[in-house]
Number of protein chains: 2
Amino acid sequence: MDMTIKDVAKIAGVSPATVSRVINGTKPVSEEVTKRVLDAIEKTGFKRNAAARSLVVKRSNLLGVIIPDISNMYFSELIKGIDSMAHFYNYNIILSSSSTNENREVECFNLLLEKGVDGIIFTAYRYVRDPIYKIIDRASIPFVSLNRKCRNTISIRVDNTKESYEATKYLIKLGHRNIAFISGYFDDDASGIQRMDGYKKALKEYGIPIRQNLICEGDFTFKGGYNGAEKLLMFNKDITAIFAVNDEMAYGVMAYIQDIGLKIPKDISVMGFDDVAYSQNFRPRLTTVHQPIYDIGEMASKTIIKAINEGFREDDIIVKGGIAVRESTRRIE
Amino acid sequence: MDMTIKDVAKIAGVSPATVSRVINGTKPVSEEVTKRVLDAIEKTGFKRNAAARSLVVKRSNLLGVIIPDISNMYFSELIKGIDSMAHFYNYNIILSSSSTNENREVECFNLLLEKGVDGIIFTAYRYVRDPIYKIIDRASIPFVSLNRKCRNTISIRVDNTKESYEATKYLIKLGHRNIAFISGYFDDDASGIQRMDGYKKALKEYGIPIRQNLICEGDFTFKGGYNGAEKLLMFNKDITAIFAVNDEMAYGVMAYIQDIGLKIPKDISVMGFDDVAYSQNFRPRLTTVHQPIYDIGEMASKTIIKAINEGFREDDIIVKGGIAVRESTRRIE
DNA sequence: TGACATTAAGAAAGCGATTTCCTATAATTG
DNA sequence: CAATTATAGGAAATCGCTTTCTTAATGTCA
């Protein structure tokens, strides 16, 4: 049923080697023979068998992508960028949702490795620990880690501390003093914690005391933001601004504020982080730290493909962020 | 560098065949030998080469997934379901964004076929035409088409006409008579058009004249919804409800309404379609036609894997929807 | 105890491509 | 024009695994 290169060769009256040469352009083939081969391919609808091919060329033109939750806008935009650039370079991506589960994450790495991907782009959920480091160190392909520095790996990320520092400073300059913060997991070892560092640094710089009860642990979900806001506002009536460590939580915060009948930004200013697509759309539009998410995705693909071809395995690329000022924050006296 | 089954065999002091049997459990191997093989695998970090394997077993355990835009919430939830169930059955998914481009769509099919996927799940962007039918008819793997009936293919979908009819009826029963409709593309041949049919059917049934200027062509994007609302409300001051053919456009509609200072649902009711995750979150919460998106994804995986194993290629599965009543609609006199 | 059935493990073929090595023909050159 | 060099295309090896076909060893039964 499915045609092989031999079938095509027979029909075109040439050897399989010649068919291969026509397809890949690896060696000159006369015009006349080329035409015969092309015709045979067209006629048979032949598609070369990728398994057989990668067995000999030792490349699959497949990129593995591991992310915690594909239905999170941040990740879907990222993937869109990754896929687009991968496609440009003739790669396809194998997607693997690690959920929010470390074992599953390890499983994803192993599965992708077994599938013979040429490289893996991943965003670790919470931390990167020994089992994953062991896999990375053993494997012979390059890895790109997004949003987190990671040994033996190419990392691409914004300067979380700095961006968060700037965002906090922006709120302070608007006159806010009682700025609450909804973080990621306290035992996270990357973006969440770094963003908290930036927040604290800005407060310190302006001589504003860090109040532990204005800092609330979050989980990057809408509900986490909602609950965080509830907890914060219930006990701290003086809060004038809330800075959430990602946009999804910021929208949760806004929902709570709206639910208790307050207005944004009149009563409370809200600042997010990430600048996912809907933050420019949904009302009120969110003031947030902009990450060029799609571009980071594209960069990840481009970089890993370069790494595959040139053989390097480590780098640390910082991309620029910036504050997208929109409607959810305002100046106060 | 990378270990092969031969290396493992040598270290364990057995033949490659035996190693294969231990890994796959295809034939009994004595306990003692099994242990030696397992140890060797552990020690070497051996991962079997998927290319070599699928070359002989003629299966890749890979599912192709083609969707127009992964950064659209509807599709990302879908993919989450697909991936989750695929993982359960030991499959991985290769994702391919077709963008909103027919040529690219065809390319995606061909690329996935070449990669040797065992089946393809797709959501066509606008219509399915000859080039794609040709591919489907020629291929020896099963296809699942989401949200659209399609020849020689297993389709899974909600009854768009019926659900849309019910939604419109719901608005009518709330007292609305001047119900505007923002459709998909007018030349779409599936969900968009079917949803419009349902809308018209309900109006007819209640003796409400269909006013062509209350129907506006949309494109499934936020901006499309926003612009549509603008166009509709600019010229038809009597509109009391707007029914958009998907949630993203419904949020665009709501944004426009808010921007001109009107209130939802006090001044205008808004109805969506799809019930993506954020529709339960963002305020005001959207009243919308519920599709069990994640479940449809799971079902797609399960069904296609069954089709792969049992060899069938055609079916038409209708899943139940229903109206999720929330905050964006209200009763009027 | 001899004949037969069972069982574990090895040898070797084969999956469908690519690629190296080789040959036959055409082209080039002194 | 003979000798050398280019060039197109074929034959066969190879990639790493699975699987069929054997074989040797053990167990069973009359």
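Letters A, B, ... mirror the listed sequences (proteins, then strands); counts begin at 1. Keep in mind that the numbers below use all heavy atoms, side chains included, and drop hydrogens, waters and symmetry copies. Remember, it's a predicted structure, so these values are computed and weren't measured experimentally.
In secondary-structure terms, DNA chain C builds stems of at least 3 consecutive Watson-Crick or G-U pairs, each pair having both distances under 3.5 Å, at C:1-30 with D:1-30.
A straight line from NZ of Lys47(A) to C1' of dA17(C) spans 16 Å, rounded to a whole angstrom. In this structure, Glu31(B) atom CD and dA8(C) atom C1' are separated by 14 Å, rounded to whole Å. Summarising the geometry, the separation between CZ on Arg59(A) and P on dT18(C) is reported as 12 Å, rounded to the nearest angstrom. Taking atom NZ of Lys10(B) as the reference point, atom P of dG10(C) lies 14 Å away to the nearest angstrom. Rounded to a whole Å, the CG atom of Asn49(B) is 13 Å from the C1' atom of dC15(C). One can place CG of Leu55(A) at 14 Å from P of dC15(C), the figure rounded to the nearest angstrom.
A donor-acceptor pair under 3.5 Å links the side-chain atoms of Thr153(B) to the main chain of Arg151(B), judged by distance alone. Judged purely by atom type and a 3.5 angstrom limit, Arg36(B) uses its side chain to pair as donor or acceptor with the backbone of Ala12(B). Remark: the backbone N or O of Pro16(A) is not paired with any side-chain donor or acceptor of Ser20(A) at under 3.5 angstrom. At least one donor-acceptor pair closer than 3.5 Å links the side chain of Ser301(B) to the backbone N or O of Ile82(B).
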Short N/O separations, protein against nucleotides 19-25 of chain C, under 3.5 angstrom:
from    : atom 1 : to       : atom 2 : distance (Å)
dT20(C) : O4     : Arg21(A) : NH2    : 2.8

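Residues that satisfy the side-chain contact (heavy atoms from CB on, under 4.5 Å) test with Lys35(A), not counting sequence neighbours, are Asp39(A).
Minimum interatomic distance between Ile293(A) and Glu77(A) (heavy atoms only, all atoms of both residues): CG2-CB, 3.8 Å.
More than 12 heavy atoms of other residues, nucleotides or ligands sit less than 6.0 Å from atom CD of Glu310(A).
Val19(B) comes within 4.0 angstrom of nothing in the nucleic acid, heavy atoms only. Within the nucleic acid shown, Gly116(A) has no heavy atom closer than 4.0 Å to any nucleic acid atom.
Checked for salt-bridge contact, Lys58(A) and Asp2(B) miss the test: no charged N lies under 4.0 Å from a carboxylate O.
Here the range on DNA chain D touched by chain B, meaning any atom under 4.0 Å from one of its heavy atoms, is dG16(D) to dC21(D).
Residue pairs meeting the side chain to side chain donor-acceptor pair (under 3.5 Å) criterion with at least one partner in residues 43-52 of chain A, sequence neighbours excluded, are Asn24(A)-Arg48(A), Lys47(A)-Asn110(B).
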Atom pairs and distances, side-chain donor-acceptor, residues 118-127 of chain B, under 3.5 Å, sequence neighbours left out:
from      : atom 1 : to        : atom 2 : distance (Å)
Asp118(B) : OD1    : Ser60(B)  : N      : 3.0
Asp118(B) : OD1    : Ser60(B)  : OG     : 3.2
Asp118(B) : OD2    : Ser60(B)  : N      : 3.2
Asp118(B) : OD2    : Asn61(B)  : N      : 2.7
Tyr125(B) : OH     : Tyr185(B) : OH     : 2.6
Arg126(B) : NE     : Asp187(B) : OD1    : 3.0
Arg126(B) : NH2    : Asp187(B) : OD1    : 3.0

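Distance CG/Asn92(B) to CG/Leu95(A): 9.0 Å, rounded to 0.5 Å.
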